Structures are given as structure tokens and as C-alpha cells.
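Written out below as C-alpha cells is the structure these notes cover.
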Amino acid sequence: ERGGDATGVTEDEIVIGSWGPLTGPGALWGNILRGMDAYFDMVNEEGGIHGRNVRFVYRDDGYEPPRTVSAVRQMVQNDNVFAFVGGIGTAPSMAVKDYIIENNIPWVGPLTGSTHFAYPPQENIFALFPLYAREGAVHAEYALDELGAERIAIIYQNDDYGRGGLIGAEMILEERGMDFVERLSVEITDSDLSSHAARLRQSGADMVMMWLLPRQAAIIMGNTAVLGYNPTWMASSALGDMGLMIDITEGRWEGVLFSMFGEMPYSDHEQMQAYRAAFEKKYPDLRWGLFASSGFVFAEVLVEGLERAGRDLTRQSLIEAMETFEGWQGVGAEVTFAPGVRQGSSSLYLVKAKGGLDYEILTDFMDSDIDIDEAIRRLR
Amino acid sequence: MPMLKVSHITKTFGGLKALDDLSFSVEKGEIYSVIGPNGAGKSTLFNCINSIYTPENGTISYKGEEITNLSSNGVASLGIARTFQNIELFSRLTTMENLMLGRHLHMKTGLLASASMWWRGSKAAQEEIKHREKVEEIIDILDLQAYRDKFVSQLPYGIQKMVELGRALCMEPDLLLLDEPAAGLNNEEREDLIFWIRDIRDEFGITVVMIEHNMQMVVDISDRILVINFGKKLAEGLPEEVINHQEVINAYLGQP
Amino acid sequence: MSALLQIKNIETYYGLVYALRGVSLNIEQGSITTILGNNGAGKTTILNSIAGLIDDQPEKGEIWFDGKKINGMKTVKIIGMGIGYAPEGRQIFNELTVKENLEMGAYSRSNRKEISDDIDKMFRYFPVLEERSKQLAGTLSGGEQQMLAISRALMSRPKMLMLDEPSLGLSPILVKEIFGIIKTINEDGVTILLVEQNANMALSIAHYGYILENGRFVTSGSSEKLRENDDVKEFYLGLKSETSVKGYQRYKRKKRWN
Amino acid sequence: MTGQLIISGLTIGSIYAMLALAMSIIYKASEIPNFAQGDMGMISTYIAYMILVVHGWPFWMAFAGAMIFAVILGFLFEFLFIRRAKEPNILNLIIVTLGFQLFLYGMTGWRWGSDQRRLGMPFSETDTINVGGVVISHLGVATILTSIIIMVMLWFFLSRTKLGLAMKAVQQNPMAAEINGIPKDRILGISFAISSVIGAMAGMMIAPITTLDPNMMWDPLMKGFAAAVLGGMTSLPGAIIGGYLLGIIENLFGFYVSLEFKSVVAFLIIVLVLVFKPAGILGHHYVRKV
Amino acid sequence: MDMKRDYYEDVQLLHGKTARFWFFLLLITLASLPFIIKGYYVYILSLMAVNVIVALGLNLLVGNTGQISLGHAGFVAIGAYTTAILMISFAVPFIPAMIAGGLIAAFFGFLLGLPALRLEGPYLAIATLAFGLAITTVIGRVGFFGGHMGLSVPAVRFESLGLTRDESVYYVAMITAVLLGIFARNFLKTRPGRAFQAVRDSDIAAAAMGVNVSYYKTLSFAVSAFYAGIAGGLWAILIGFINPGLFSFILSILYLATVVIGGLGTILGSVLGAVVVTFLSLQLENVQTIPGIGQLLEAFSKQFMTLSGLPNIVWVLTGLILILIVLFEPLGLYGIWSRIKTYWKTWPF
Ligand SMILES: Nc1ncnc2c1ncn2[C@@H]1O[C@H](COP(=O)(O)OP(=O)(O)OP(=O)(O)O)[C@@H](O)[C@H]1O
Ligand SMILES: Nc1ncnc2c1ncn2[C@@H]1O[C@H](COP(=O)(O)OP(=O)(O)OP(=O)(O)O)[C@@H](O)[C@H]1O
Ligand SMILES: [Mg+2]
Ligand SMILES: [Mg+2]
């Protein structure tokens with residue numbers, strides 16, 4: 001037996017933890033946790049990892065940072081979690097970041113595209129979610145280069161997520177000597193966006209980038225439709241749950257471009273189909289979609305890391321194993337980690353929604369090499 | 001210099017003249033009663049004196065100093081105390097606490113001093129103890145011992161009236177305004193009240209202005225009586241003069 | 001004449017305070033009955049117990065009204081059986097006008113004509129209320145409020161009217177009038193239960209009287225008989241011969257209640 | 001553009017106005033600001049959704065079903081909880097309404113999960129009427145009309161019957177109401193039921209725009225509460241005016257000045273109004289007499 | 001009457017041997033707990049202490065002075081942000097930073113107290129609500145405050161005393177809570193506290209007693225805000241991260257609920273309320289794991305509700321518990337407590 005911290009690892013079990021909103025306004029994201037849960041079941045059924053089953057504990061934090069802090073402390077101190085996977089949202093993750101670093105607990109794939117987790121790199125945090133700023137930049141490049149958009153507006157949620165997208169796109173526009181014709185911020189609590197809609201129409205934008213939550217996206221699309229204003233919409237990956245979006249926008253989602261960081265949940269990719277089957281078996285009453293599939297996308301990477309770490313599992317050996325990833329690909333984008341490199345993947349591709357659950361994949365995985373330091377500076 | 005001088009005050013509510021150019025003055029050490037039909041403006045007069053209302057016209061002065069535009073607590077701090085017709089006790093406090101509130105102006109403990117009340121010698125504790133003594137004195141005078149730690153909202157009506165009187169006395173005022181102190185008291189209790197009011201004047205030297213409908217009591221203890229009707233002075237004078245005044249009989253006393 | 005209201009040995013508590021210690025009372029149909037007693041004797045508590053206003057009380061005993069047992073019933077039901085109540089402290093609706101207060105008194109009635117006739121009748125009893133009919137009741141003078149409270153209780157045309165110190169705060173001339181009015185109402189057939197401090201007046205119009213002390217009736221009888229009682233004379237009517245001296249209350253003659 | 005903004009403001013303002021009406025009805029009878037109001041409307045809207053979308057029955061049945069459910073819910077809330085309060089004081093009752101809000105919120109999440117849903121209405125939220133360059137959706141027209149109709153109906157109902165006065169009486173002095181034979185409990189029950197129905201209508205009107213989700217009513221409810229206070233809390237026309245004003249101020253401010261501060265500014269304007277008129281636009285400030 | 005009572009007894013902090021015994025036992029227990037229990041529970045106790053402080057302050061305002069506040073989270077935010085920013089940008093040590101946070105919150109409390117002089121009931125409720133909203137909106141917009149992103153708050157650790165981070169926070173929070181609790185109790189027993197309550201029961205009579213009603217109303221807002229501000233500073237270091245979203249309207253409402261279910265106007269009520277509400281908010285979700293009940297809930301969910309919605313049981317239960325406590329015990333937990341006490345005193349009768 002090698003030395004090192006093997007808390008949460010026993011002869012036949014590894015305890016993995018995560019958290020996210022199962023209730024409250026963010027409960028939509030809760031399916032990510034359930035996706036992970038279904039995935040670990042699947043792993044265990046196939047014999048586990050080096051003879052050990054994964055015991056997955058996850059707690060509801062309602063997307064409230066103080067509850068996240070309690071939940072994570074409880075998982076660390078009472079449940080003896082070995083490592084974390086996922087963990088939903090910027091603010092909740094920020095609230096527990098220092099604590100997890102202090103205890104040097106491996107943490108794979110925080111579910112946020114904020115720059116705070118891999119810049120500067122932390123020994124134990126392995127970020128997978130594409131940075132919002134990068135995603136914004138990818139959108140802007142595509143809009144300008146491929147679609148020839150001339151008047152671009154952006155409507156974004158006034159937080160790390162929305163502003164990340166704003167800044168990424170803005171940097172690309174600036175490079176080309178352009179600027180948004182309108183930038184509109186939305187509060188999470190807003191339920192009437194008609195003055196936003198009026199401003200959008202007045203700006204005369206032919207393309208509108210959307211960095212919102214599904215609910216607000218539906219509201220703004222409805223409000224602009226009333227005004228008879230129909231630009232091309234380009235949405236962040238957080239709005240990529242087509243099933244949901246088509247439904248709540250009453251079909252107006254058709255024609256929207258949005259980005260994805262993994263296989264489409266409805267694709268005929270073999271592994272994705274298997275995942276879907278696993279999920280639907282475990283949760284027959286839940287809708288399969290982007291959130292559930294994201295759970296698989298992120299948990300997959302951790303399990304690969306555990307496989308690589310071998311039977312002599314310690315926190316240190318997992319971290320070392322994670323650093324051996326080089327272009328590894330599951331159902332998500334390629335993953336690469338190395339000493340001092342903790343943003344494992346950052347590419348996305350664009351999809352266009354068609355009627356129903358039909359879609360058209362527009363591009364391959366793309367990346368944009370904006371200056372991250374500059375983006376971070378602007379985000380402050 | 002009169003203790004209280006009210007000159008030409010007018011107070012209207014909408015179209016109603018509750019007080020209409022009313023003037024009178026009260027000398028130090030007097031027991032001065034105000035009587036008049038219901039709605040004549042008696043309580044309004046008190047409310048003007050202690051600045052709950054501001055009269056539209058006229059002035060009120062106390063010991064030669066004008067108090068018309070002071071705040072209520074400003075008036076109180078000059079030494080004017082009052083009771084209320086409809087009992088305005090601090091209903092969720094005990095009798096003791098109500099009475100201690102009468103000492104408010106005489107005490108100085110501020111927030112910081114009171115927060116740092118740690119031992120017997122601390123300023124706040126000392127002050128509490130000192131003023132408790134005065135309060136106990138009033139409790140003894142008014143026979144309120146049995147109600148000391150009861151919540152006032154649970155006391156019978158008559159006792160509440162006594163507590164209210166006691167609270168006003170705790171202020172050690174120079175001028176005491178009593179709004180129908182005997183209402184709701186039975187014969188026996190009213191007798192006691194009469195003694196107390198006399199004592200208050202004789203022993204503490206407090207000037208008393210009293211509104212009361214019980215004529216027996218009014219006649220018994222008043223030095224002078226003011227009768228108002230429709231906000232105007234109807235008569236003023238010694239008790240026997242007033243009760244034999246024909247207009248007063250017509251408007252207020254009724255034929256015997 | 002038969003008993004309209006019958007109280008059989010009720011006991012009432014306020015939490016741990018034992019307020020009524022076994023009170024029994026009969027009120028004949030068409031009579032005026034008065035309850036006299038010191039402060040805190042429990043007079044108001046009797047009326048509140050009848051009206052069902054004290055939660056889960058009376059603890060023991062029964063109250064019968066008009067042939068029905070009413071203790072334990074909801075206040076609204078009890079009132080609906082034909083009881084009018086002008087409570088202690090007036091309890092008017094401060095932010096309703098005088099007229100609206102009277103209309104609320106007639107809540108259970110529906111004949112608009114009769115209601116407005118009755119309002120006019122109240123205005124005849126108390127002309128000042130008519131002058132103030134559009135004023136918010138909370139801004140009335142004390143005495144005006146008292147008149148309003150009595151009128152409001154009458155608006156339901158009750159079989160029995162309970163008045164808790166109706167003369168409180170009224171001018172001497174009105175005190176006389178109010179007892180006249182009570183008499184008139186009674187002559188119209190309304191049974192009256194009157195709690196009063198003005199024992200003189202009360203006994204002068206009442207048929208029967210009860211004396212309450214410390215939650216118990218100490219004596220009762222026709223009002224003539226009570227007026228002859230020495231204790232009543234001394235303690236309630238104030239017909240003492242000797243002049244009072246300071247500190248008198250400490251040397252009171254002991255009450256004996258025969 | 002200003003005309004357009006005013007119309008959009010009126011549309012959302014009508015929702016605020018309905019919630020304000022619902023709030024002020026209960027307030028009129030009990031001085032309780034009912035924080036469960038919004039979620040009572042929300043769960044009734046879910047019932048409509050079940051009938052309409054899940055069972056595929058016609059709209060009017062869904063509407064009727066939701067309204068019946070709302071009436072029962074309002075009555076039940078009063079009967080099961082408000083009525084049982086021992087020695088009720090306002091703060092305690094406010095907490096009861098909050099508790100009920102949490103309860104309903106939890107029940108909805110438990111029963112219908114967390115996905116947002118769509119409630120289709122017979123009035124399209126995107127087909128519009130164009131009046132001199134100003135457009136308004138059919139749903140918008142329906143919303144504005146509904147708010148006015150409810151107000152007028154209520155106003156007639158309350159002023160023509162004894163109920164309106166009795167509500168005020170119960171609010172001011174429950175004990176006195178009882179000794180005058182006013183059935184306090186029944187009147188409270190009725191006001192909860194009425195306001196529950198109005199809340200349900202607001203829910204059904206807003207759901208097509210904001211999507212149906214357990215959180216959908218919280219923000220509109222706060223605005224509705226603010227609107228009711230602005231209007232005077234007990235005045236029905238006040239509630240409507242307050243709601244409209246709030247909607248319009250938000251829209252104009254959002255467009256011409258700042259989107260970020262629009263909600264806050266609307267509230268601050270209300271506070272400013274209150275400082276000068278402490279009982280709202282149409283409320284009366286009653287000063288206690290001693 | 002020579003049997004003069006000792007009037008000091010009535011204002012004395014701990015009157016009688018038993019009271020003193022229990023109080024010191026409590027202090028000793030609190031002091032030694034971190035060495036006995038696990039880190040997670042130390043954290044929960046610290047959290048309780050923080051909430052006790054908010055509740056003490058809010059109860060002073062709501063329970064004792066009779067004014068409502070739906071914006072108390074705003075004061076907590078001011079305290080938290082002041083503390084954090086003083087520590088981050090100006091390198092001020094924690095304790096002075098926390099006190100500064102309390103004072104600045106008190107200043108804002110005073111400001112809010114001014115319009116509150118004219119308002120009451122729902123009008124005051126809306127004004128305070130607007131205040132809470134405005135504070136978080138402004139904080140969220142201004143980069144200096146970290147905007148919507150929030151701020152990571154430096155850790156506090158008294159290494160010289162040999163304490164871990166959790167223990168350090170625990171001791172500061174506990175000592176502050178006990179001190180502020182005693183302060184509150186002291187001024188409720190004496191002149192300022194009586195004036196607060198007088199203003200609550202009858203402002204007219206209070207003024208007639210010479211109580212400056214405006215002064216005490218604003219003072220009570222300021223003191224209440226001071227408590228909230230201090231708690232904000234403690235909370236910030238306890239969770240280590242703050243953003244405007246933390247201080248939502250819902251939080252204000254939870255504070256209000258804490259005070260009401262604890263018992264309005266009593267110190268013990270504030271303490272009991274905060275302890276119970278904190279405990280419930282952390283522990284209720286575990287009902288799903290209680291053997292038996294968990295299966296029952298699952299079966300019920302499958303039959304009538306949805307399984308994935310089951311975590312919402314937390315809200316359902318929280319709601320019901322709030323309702324039941326308030327309905328059946330108008331005096332809140334304090335009422336239950338005093339009932340138990342009388343029961344034991346009168347036992348076995
Ligand atoms: N705030 C007010 N608004 C309107 N009218 C008022 C107000 N206060 C008093 N009034 C009216 O002014 C008149 C005088 O009232 P006041 O209370 O002074 O009478 P009062 O002499 O004390 O009578 P009572 O002996 O019945 O107490 C009354 O008719 C009353 O209705
Ligand atoms: N709410 C209450 N809680 C506790 N005790 C009460 C309550 N109300 C009254 N009491 C007590 O019950 C007893 C009877 O009170 P009640 O009010 O019936 O007296 P009363 O005869 O009407 O006196 P008064 O002539 O002063 O009106 C008193 O001792 C009083 O202290
Ligand atoms: Mg008067
Ligand atoms: Mg009585």
C-alpha cells in the first residue's frame with residue numbers, strides 16, 4: 001500500500017460527492033446530478049473500478065451558496081468523500097472552492113464556465129466546462145465569419161455566466177473594429193422583458209446573442225415576437241436543451257443557433273444511446289435531455305481518471321492520473337490535462353434547431369484563442 | 001403668572017369647530033375642572049395642551065412660556081403629565097414597567113450605559129434601583145401592590161385607570177391633566193380617588209386640571225370650574241356658581 | 001314570566017386566573033336585571049362568558065338562552081339567537097363612519113326599510129349621532145362613541161340586550177336620558193342585562209339586582225330589597241352618614257352580606 | 001415608442017393589478033398581506049395545465065376547473081389554518097401565509113418536477129392588434145380587460161352588498177364584528193376564496209408569457225403587493241391604478257434610463273410616494289384619536 | 001413596611017444560585033464543544049450563533065418596538081460587504097472590520113428609520129423591502145463590491161491561540177452572540193428597552209411620558225441593523241464567500257419567520273428560533289433517509305407525485321412546521337418553553 005490520503009476509499013468502495021439544486025429556481029440543473037447517478041450505477045453494474053464500486057453521494061443546495069457550504073462540509077466531514085465531480089453553478093462552487101482546495105480533495109469538472117477554477121490552476125481542480133468567454137468568442141467568430149452578421153446585439157444575464165459570454169464576444173468584435181449595437185442585461189428575477197424587447201427592436205440588430213436561463217429566453221422571444229421583430233438568435237450551451245426550449249417557446253426555438261460541448265443527447269452515437277438507456281431505466285419519469293446527458297459527460301472523465309489511477313487509489317494518485325489525459329475523448333470534447341494545465345477542454349460546436357427535436361450540426365468542435373488573461377481582467 | 005394660560009385657541013376638524021376661541025387660565029395649586037356636554041371639545045383641549053393637536057389659532061403657555069408648538073414629549077419634559085379618557089396604557093407591559101416609564105424623563109441611562117449593566121454598582125443598575133423607590137412610593141399610595149407584576153391588559157378597567165394615574169404621578173409633574181379619571185369607578189373607588197387627588201395637590205403641590213362628568217366629584221373637589229359647549233366657554237367660576245348657572249343646567253346638568 | 005336566560009353555576013378561567021367561581025343567574029323575560037360589583041369582580045367576564053367570547057370557557061356550568069344551551073356555541077350563533085351586546089370599551093369600528101357602524105349592527109337583518117327606520121330611531125335617541133353620521137367613528141368624542149355603541153347593539157332588534165356600563169363617559173343630562181331610553185326599550189319588550197357602576201340609577205330602573213364580589217354573587221333580590229340592604233347602601237349607593245376622613249379605606253366597615 | 005412601452009407596461013401592469021386586487025381583498029378583511037397568494041395562483045394554473053395539456057380537454061373546462069380549484073383552495077387555507085390561529089396577531093398570520101406558500105411551492109415541485117412548461121391559451125400571445133403603430137397581443141388585450149372587469153365586478157359586488165362593509169368591520173375589530181353577528185370566519189373564507197380566484201386568473205394570464213414553473217409567481221407577487229400598497233392597500237381602484245402605474249414606470253424607466261435598476265427604481269418611487277402620502281394614493285390615513 | 005425588597009434583583013443578570021449555575025454550565029459547554037464534536041457540527045453551531053445575532057436584533061425591532069422589516073438581509077449584506085472589503089482591500093484585521101460593518105449597517109438603519117417614522121404596517125413593509133432590494137442591486141452593479149460575481153472572503157484564524165479556522169470562527173461568533181444577547185437583555189430591562197416597548201404599545205402615551213418617539217424608532221432601527229451588520233461580518237468569514245444573491249428577500253423573510261416562531265419580543269425566543277430554524281434548514285432534507293419513512297415517501301411519490309420532485313419535501317415540511325408552531329403556540333417556541341417550565345414547577349400537580 002502506497003502512502004497518501006485515501007479518505008473515502010475502502011476495499012470495495014469509492015465515495016464520490018457532488019451537489020446541485022434539486023429544488024428551487026435552479027432545479028432544472030438537478031438532472032445533471034441524476035445523470036451522474038445513473039452513470040455510476042452503470043459503472044458499478046459493469047464491475048466497478050478496479051474492483052471497487054462507486055458510492056455517489058449528492059446533496060441539494062437549492063443553488064444557494066451557504067447551503068452548498070454546509071452540504072460540502074457535511075460530505076467531507078461526515079460522508080468522507082474521496083473526490084468531487086461536477087458541482088453545479090458558479091456562485092455555489094465559488095463558495096466551496098477554498099475549502100476544497102484547503103483539504104486538497106480532487107474535484108473534476110465544476111459545472112461552470114467561470115474562469116475562477118482553472119486560472120490560476122489549482123492542484124486538485126480539473127475544469128472541463130468550456131469557459132463562457134471562449135464560448136462567447138466562438139459565437140462571435142462564427143457570426144461574423146460564417147454568417148456575415150453586421151448588427152449584433154446581446155442580451156445577457158447579469159452574472160458571471162452572462163458577462164463571461166458578453167466579454168468573450170466583445171473581444172472578438174473589438175478585434176474586428178466592431179461593437180454590439182445593443183447590450184442588455186437581465187436580472188434573474190425579471191419576468192417581464194418587454195422593455196428589453198423594445199430596445200432590441202430599436203437597435204435593428206440582425207443577430208441577437210442570448211446568454212440567459214431557459215425561462216428568460218422564452219420570455220424575450222415571446223416579447224420580441226409580439227413586436228414583430230425576428231432576428232437570428234444565437235444561444236449559449238446552457239440553453240441547449242432543445243426539448244425544453246422548443247416546448248416553452250412554443251416552437252419559436254426553431255432556427256436558433258446554439259453551441260454544444262458534447263454529443264447531442266438525441267444523437268445516434270452509440271455510447272450516448274447507451275447512456276440514454278441507462279438514464280431512462282433509472283428515472284422513467286424524467287425527460288432525457290441536455291442536463292441529464294451532461295452528467296454523463298462530466299462523470300465519464302472522472303471515472304477514466306480513476307481507472308488510470310489504478311488499484312492503489314489515493315487523492316494524489318488520482319491527481320497524477322488526471323494529468324496523463326491527452327486528447328482523451330468520451331462523449332464530450334477532447335480532454336487534455338498536464339501539470340499546470342487545468343482547463344481540460346474548451347471546444348464547442350454549433351447546432352441549429354429545426355422543428356421538434358430535429359437539428360442540424362453546423363460545425364466541428366471549434367476553439368477560439370482569445371486572451372484569457374484579458375478576459376479575466378475585464379470580468380473583474 | 002398663571003400656571004397654564006390658554007388664549008383664544010381654535011381647533012377645527014373639517015367643518016367642525018371643536019374649540020372656538022377658548023381662553024382661560026389656571027393658577028398654581030388649583031384643582032380646576034372642565035365640564036361640558038359630550039363632544040364639547042374637552043378632550044380636544046387636552047390634546048392641544050400636550051401637543052397631540054396643534055391649534056389653528058391662539059396660544060397656550062405654561063409658567064409664562066409658550067408651548068403651543070412644542071412636541072408632545074417636549075411638553076412632557078416641562079412637567080405636564082396627563083391621563084387619557086380611553087386608557088392608553090402600554091398594554092403588553094406590566095404595571096411596574098408602565099410606572100417606570102413614568103420615570104423616563106427623570107432617568108438618564110442611554111443605550112451604552114444600559115448595555116453595560118453588569119453589576120450592582122453599574123450606572124444603569126443604580127439608576128433603576130433609585131427610581132424603583134419612587135415608583136414603589138406611588139404604588140403604596142394608590143394601593144397597587146397586588147398588581148405590580150401583572151400585565152396591564154389583564155387588569156380590570158378600574159385598576160387600569162389607577163395605573164394610568166400612577167404613571168402620570170411617577171412623572172412628578174407640576175401640572176396634571178386628568179381626562180375623566182372617575183369614569184368606570186364605583187362609589188367607593190371614587191371616594192378614594194377624591195382623596196388621592198386632594199393629596200396630590202396638597203402634598204405634592206401639583207396643579208390639577210380635570211375633565212369629569214361626575215358632578216358630585218367635580219363639585220366636591222374643584223376650586224374652579226370651566227364649562228364649555230361647542231368649543232366655546234359657557235361659564236367659569238366657583239362650583240356653586242356654575243351648577244346654578246341656567247345655561248349650564250340646560251345644556252349639561254339637566255333639570256334636577 | 002319565564003327565564004329567558006339561565007346561568008347555572010358557571011366557572012370561568014383566564015389561563016390560571018380563576019375569574020368566575022360558580023355563578024348562577026336567572027333573567028326573566030321582559031325584565032331589567034342589573035349586576036353591581038367592584039372593579040375586577042367579574043361583571044364583564046359574566047357578559048363575555050354569555051357571549052362566548054372567552055375561548056373554551058366557561059370551564060364548568062351551563063348557560064341557557066331561549067330554551068337552548070348556548071355555552072360552547074360560537075359567538076356569532078349566540079348573538080344570532082337574539083342577543084345585543086354593548087361591550088366594555090365600546091369596541092366600535094373605528095374606521096367606519098357612524099352610519100356604517102349602525103348598519104353593521106343590523107348585519108343579520110335584511111329589510112332595508114326597517115333598518116333605515118331603526119337608524120332614524122337611534123338618531124332620535126341621540127341627535128348628535130345624526131350630526132356626526134359621516135364622521136369616522138374612531139374620531140368621535142368619548143361620550144359620542146358610547147352612544148354609538150349602545151345604538152349599534154340595539155340595531156339588531158335583540159330579544160335581550162346586554163349593556164356593560166352604558167353611562168360611562170356620558171354627561172349628567174345624558175345619563176338621565178340613557179336610563180330613560182333603557183326603560184323605553186324594555187317597555188318595548190326587550191329583556192335587559194345591565195352592568196353598572198352608577199348603582200343608584202341602575203337600581204332605580206332595574207327589577208332585579210345581583211351583587212358580585214370576587215367572582216361570586218354575594219347577594220341578590222328585587223331592586224327595592226337591595227336598596228334597603230345596609231351594605232349596598234354603604235358601598236354602592238354611597239348613602240353614608242359620617243363624613244369621610246383621609247385614609248378611610250383602611251378602616252372600612254366589614255361587609256357582612258347578611 | 002413611448003406609446004408601445006405604455007401599452008406593454010399596461011399589459012404586465014394588469015397582472016400586477018390583479019395580484020394587487022387579490023392582496024387587497026384579503027387585507028381589507030384581515031390586515032394580512034397574503035404571501036401565499038402567488039403560489040395559490042400558481043398551483044391553480046398547474047391544475048389548468050393538467051386539464052388542458054395533459055388530459056387534452058377544452059380550454060373552458062380547464063379554466064372552470066382551475067377556478068373551482070382556486071375557490072376550494074382559498075376556503076381550505078382559511079378554514080384549515082387562518083381560522084385555527086389562537087390569539088391571532090398579524091405577524092403570526094403573515095408567517096402562516098409564508099408557511100403555506102412554502103408548502104404549496106414544495107407540493108408543486110414534488111408533483112410536477114422542475115421543468116418549465118407551457119400553458120396554451122385561446123388568446124395568442126403573439127398575434128397582435130395594431131392601433132396606430134402600437135401593437136398589443138390578443139393575450140395582452142385579454143389581460144387588460146380581465147383586470148378591469150374583475151375590478152368593476154368586485155367593486156359592484158362589494159358596494160352593493162353588505163360584504164364590503166363587513167370585511168372592513170372584521171378587519172378593524174374582529175371581536176366587535178362577532179358581537180354584532182357578523183360571521184367573521186365566513187367572511188374571511190369568502191375573501192380568501194375571491195382573492196384565490198383572482199390570483200389564479202393572474203397565474204393563467206402570465207403563464208403563457210413567463211412559462212409555467214413553480215417560481216413564476218414570486219416576482220409578480222412582490223410587484224402586486226407593492227402596487228397594492230402604492231394604491232392604498234384597501235382601495236380596489238387604488239390596486240388597479242397602482243398595478244398599471246408600476247408596470248408603466250418599469251417599462252419606461254427600463255427603456256429610457258436603465259434596465260438594471262428598473263425594478264429597484266419602481267420600488268423606490270413607491271417609497272417616495274409613501275413618504276408624502278403614507279397611506280398610498282387612494283388610501284386614507286387614519287389617525288387614532290385619544 | 002420594613003420588608004423592603006432588593007430592587008436590584010429585578011434587573012440583575014442572573015438572579016439566584018440556580019440561574020447562575022445553569023448559565024455558567026452553558027458557557028463552559030459552549031467553550032468546550034469544539035474539542036468534543038466534529039468539525040461539521042462546529043460549523044453548524046457557528047452558523048446558529050450568527051443567526052441568533054440577527055434574530056436578537058430583528059426581534060428588538062419587530063417584537064419590542066413593533067416595526068416590521070422585510071429588508072433585514074440588506075443590513076446583513078452591508079455588514080458582510082464592509083467586513084470583507086475592509087479585510088481584502090484595506091487589510092484591516094477581522095474584529096475591527098466586523099465592528100465597522102456593524103456601525104455602517106447601523107448608520108443605514110438610522111437612514112431607513114427616517115421614512116419609517118411616517119409609515120406603518122404594509123407601507124413600512126414595502127419600504128423596508130425596497131431597501132433590501134436596493135442594497136443588493138447596488139452591490140451587484142458596482143465592480144468595487146465584486147458585482148454579481150461575489151467576493152471570496154479571507155479566512156480568519158487565530159494561530160497564536162492555537163485554533164483551527166473553524167474553531168476561530170466558532171469562538172468569535174459564540175462570544176459575540178453571548179455578548180450581544182446580554183446587551184439586548186440589559187437594555188430591554190432598563191430605560192431604553194422600556195421606551196422601545198412603549199412606542200410599540202402606544203406612541204401617543206409614550207410621547208406624553210416624555211419618550212421621544214422619533215428618536216427611539218430610529219434608534220431601534222439602528223441597533224437592529226447593528227446586530228444584523230455584525231452577524232453579516234461573521235457570516236461572511238464563516239462561509240468564506242459572499243455575493244448579492246445571498247441576501248435575497250427570501251432571507252429577510254426567513255429571519256422574520258425565525259423571530260416569530262421563536263417568540264416575539266423575548267431574548268430566549270430569538271435564540272430558540274434561530275437555533276431551531278437553522279437546524280431544520282440543514283437537517284430536514286434527511287427525512288428521506290430515515291428508514292421506513294424514506295420508503296414510504298418514495299412509494300407515495302411514485303404513486304401520486306414524482307420521485308424526482310421528492311427533495312421538495314423540505315419545503316413542504318418547512319412550511320407545515322412554520323404554520324403549526326405559529327398556529328398552536330402564538331408565543332412561539334418561547335411559549336412552549338415557558339409552558340414546559342411551569343409544568344415542571346407545578347409537577348406533579
Ligand atoms: N380627529 C378628529 N376628527 C374629526 N372630528 C373630531 C376629531 N377629534 C374630535 N372630533 C370631534 O370634535 C368634537 C370634540 O371632541 P372631544 O373629544 O374633544 O369631546 P369631549 O368634550 O371630550 O367629549 P366627551 O365628554 O364625550 O369625551 C367631537 O364632536 C368630535 O366628534
Ligand atoms: N384577559 C384576561 N387575562 C387574565 N385575567 C383577566 C383577563 N381579563 C380579566 N381578568 C381578570 O378577571 C377578573 C374579572 O375581571 P372583569 O373585567 O370581569 O371585572 P369587572 O367586574 O368587569 O371590573 P370593572 O368594573 O373594572 O370593569 C379580574 O381580576 C381581572 O384581573
Ligand atoms: Mg373626551
Ligand atoms: Mg368590566
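So that the names make sense, note that chain A is the first sequence line, chain B the second, and so on, each numbered from 1. Just so we're clear, the structure is a prediction, and the values are computed from it rather than from any experiment.
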Worked check of side chain to side chain contact (heavy atoms under 4.5 Å, CB included) between E:Leu307 and A:Arg34: CA-CA 12 Å; E:Leu307 204 50; A:Arg34 300 196 181 95; over 6 Å; no
Counting only heavy atoms closer than 4.5 Å, note whether [X] contacts chain E via side chain, backbone, both or neither.
X: A:Ser70; result: both
X: A:Asp159; result: both
X: A:Leu379; result: both

Is there a side-chain contact between [X] and [Y], using heavy atoms and a 4.5 Å cut-off?
X: E:Tyr41; Y: A:Asn78; result: yes
X: A:Gln74; Y: E:Leu282; result: no
X: A:Arg67; Y: E:Ile239; result: no
X: E:Leu246; Y: A:Glu64; result: no
X: E:Phe241; Y: A:Pro66; result: no
X: A:Val69; Y: E:Tyr43; result: yes
X: E:Val42; Y: A:Gln77; result: no

Crowding at CZ, E:Phe279 (>12 non-hydrogen neighbours, <6.0 Å):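 Counting other residues, nucleotides and ligands, CZ of E:Phe279 stays at 12 neighbours or fewer.
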Please round to the nearest 0.5 Å and tell me the distance separating atom [atom1] of [X] and atom [atom2] of [Y].
X: A:Tyr283; Y: E:Thr306; atom1: OH; atom2: OG1; result: 12.0 Å
X: E:Met149; Y: A:Asp160; atom1: CE; atom2: CG; result: 5.0 Å
X: A:Asn31; Y: E:Ser308; atom1: CG; atom2: OG; result: 7.0 Å
X: A:Asp60; Y: E:Leu310; atom1: CG; atom2: CG; result: 11.0 Å
X: E:Met305; Y: A:Asp285; atom1: CE; atom2: CG; result: 12.5 Å

Ion pair check, E:Arg165 and A:Asp98, cut-off under 4.0 Å: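 Salt bridge flag = no for A:Asp98 with E:Arg165.
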Side chain to side chain contact (heavy atoms under 4.5 Å, CB included) evaluation trace for E:Arg141 with A:Asn158: CA-CA 9 Å; E:Arg141 290 309 165 294; A:Asn158 197 352; 3.2 Å; yes
Under 4.5 Å from a heavy atom of chain A, the part of E:Asn312 involved: both
